[in-house]
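Each remark here refers to the structure printed beneath this line.
Sequence lines set the chain letters: A, B, ... in the order given, protein chains first and strands last, and positions in each chain run from 1.
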Protein chains: 2
Amino acid sequence: MAEGLQPQVGQSLLFLTDEQLRKGIEAMFFAYRGFTADPDRILAQKGYGRAHHRAIHFIHRSPGTTVNNLLSILGVTKQSLNRVLRTLIEDGLVESTVGTRDKRERHLHLTAEGATLERALSDAQRDRMRAAYRAAGPAAVAGFRQVLEAMMDEETRHHYEAMKDKTE
Amino acid sequence: MAEGLQPQVGQSLLFLTDEQLRKGIEAMFFAYRGFTADPDRILAQKGYGRAHHRAIHFIHRSPGTTVNNLLSILGVTKQSLNRVLRTLIEDGLVESTVGTRDKRERHLHLTAEGATLERALSDAQRDRMRAAYRAAGPAAVAGFRQVLEAMMDEETRHHYEAMKDKTE
DNA sequence: TTGGAATGTCAACAAAGCTGACGTATTGTG
DNA sequence: CACAATACGTCAGCTTTGTTGACATTCCAA
């Protein structure tokens, strides 16, 4: 809508045409399906869904995290998260312990069984990611990350940045 | 799980470490939320959801497409798509016409009102995309697309490729 | 011409999001 | 201390969007 109105400065803005943007949008849609396909298959066997995967991922990522913290990372309501956490705790994949400093808080950890599932899920997802990275090469990967980061909401980017340097 | 076992060839495989892959996975998760946030707000006002957006997008993209074709692009069941299409048709955003050659088929088009909503949705989504592209630059965008394409399922990539060159 | 394949519709159910209300335990503050 | 705020859990009820199963219509080929 806007691009057609401005003169192109050399060829440097060709990547910003509506057509290029539309392709990017569709690429994002189709790629995200591939991105979730492998874990989805594993989850379906166990009777879980993507919501369980997300909880498991971020508990693994930040062991001992509180419910509230998880809530703000996932961007869902506590009722919604609670439904998922309850089943994971009942099934013995997640452990919830009362906080020592603040007893209102619950600290979340994966049990051995939970860690096993986490491993299976992230192995599957990483395998595809690795294949894509390898096919595209390091320079493309850097660009990939740059664009994704620029696409995030301001607040979301803070969560992302905060976790970025944890283990490097 | 696998990376630690192989010797790194110079520094060229550093981008394939589990840690790098994990960051890519989280970037994908967080970015996708941003990617859908703007259209979601518009849709919520009108009482629609993401499924309506996807239908509208691809009908706009391929006017006259059949239900079956749309089905294979979207990767959902016909019953699920049908519910969405029915409301869009009832609300006068989409027109369904019986096929002339094969009367079993329905050909789908956007009405003027449907095209207006499509415009609003894709403007919003493109605005964010454009900002991200502009911030990252043309080289990063090329890499972004490369990695996304490599991440798609084989069959999905065919859909993507088929639509790629339609208007260029 | 008739039976099977393809296309699309209706019904009922499940996962996972949401809002709103409320209970309980704990913490912090005036 | 009294009381407000915080953290968490839960119940009820609704919405979106996916699923399977059953069925009507249409086409095509034996």
Under the side-chain contact (heavy atoms from CB on, under 4.5 Å) test, residues paired with [X] that sit two or more places apart:
X	answer
A:Lys46	A:Tyr48, A:Leu117
B:Asp127	B:Arg130
A:Ala142	none
B:Arg41	B:Ala37, B:Asp38, B:Arg128

The contact string for nucleotides 8-18 of chain D, one letter per nucleotide 5' to 3', using protein heavy atoms under 4.0 Å with B, S and - for base, sugar-phosphate only and none, comes out as BBBB----SBB
Yes or no on side-chain hydrogen bond (donor to acceptor under 3.5 Å, both in side chains) for A:Glu149 and A:Tyr160, after CA distance, side-chain angles and deciding distance? CA-CA 9 Å; A:Glu149 289 175 26; A:Tyr160 174 74; 3.3 Å; yes
Provide the full list of side chain to side chain donor-acceptor pair (under 3.5 Å) pairs with a residue in residues 105-115 of chain A, sequence neighbours left out, each pair given once.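 Of all non-adjacent pairs touching residues 105-115 of chain A, none passes side chain to side chain donor-acceptor pair (under 3.5 Å).
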Show every side chain to side chain donor-acceptor pair (under 3.5 Å) that has at least one partner inside residues 74-90 of chain A, sequence neighbours left out.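 Side chain to side chain donor-acceptor pair (under 3.5 Å) check on residues 74-90 of chain A returns A:His52-A:Thr87.
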Those residues at least two apart in sequence (or on a different chain) that pass salt bridge (Lys or Arg N to Asp or Glu O under 4.0 Å) with B:Glu154 are B:Arg157
Distance in angstrom units between [X] [atom1] and [N] [atom2], rounded:
X	N	atom1	atom2	result
A:Leu74	C:dG17	CG	P	9 Å
A:Leu71	C:dC18	CG	C1'	13 Å
A:Arg101	D:dA7	CZ	C1'	14 Å
B:Leu88	C:dT9	CG	P	13 Å

Give, ordered by number, those residues of residues 28-39 of chain B having at least one heavy-atom distance below 4.0 Å to an atom of DNA chain C; if nothing qualifies, reply none.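 Heavy-atom cutoff 4.0 Å gives no residues at all.
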Reading DNA chain D 5' to 3', what string of ( ), [ ], | and . shows its pairs, if Watson-Crick and G-U wobble pairs count only when both distances fall under 3.5 Å? ||||||||||||||||||||||||||||||
Partners meeting side-chain hydrogen bond (donor to acceptor under 3.5 Å, both in side chains) with A:Thr36 (sequence neighbours left out): A:Arg50
Contacts of type ring-ring contact (aromatic ring centres under 6.0 Å, His included), residue A:Phe29, not counting sequence neighbours: B:Phe58
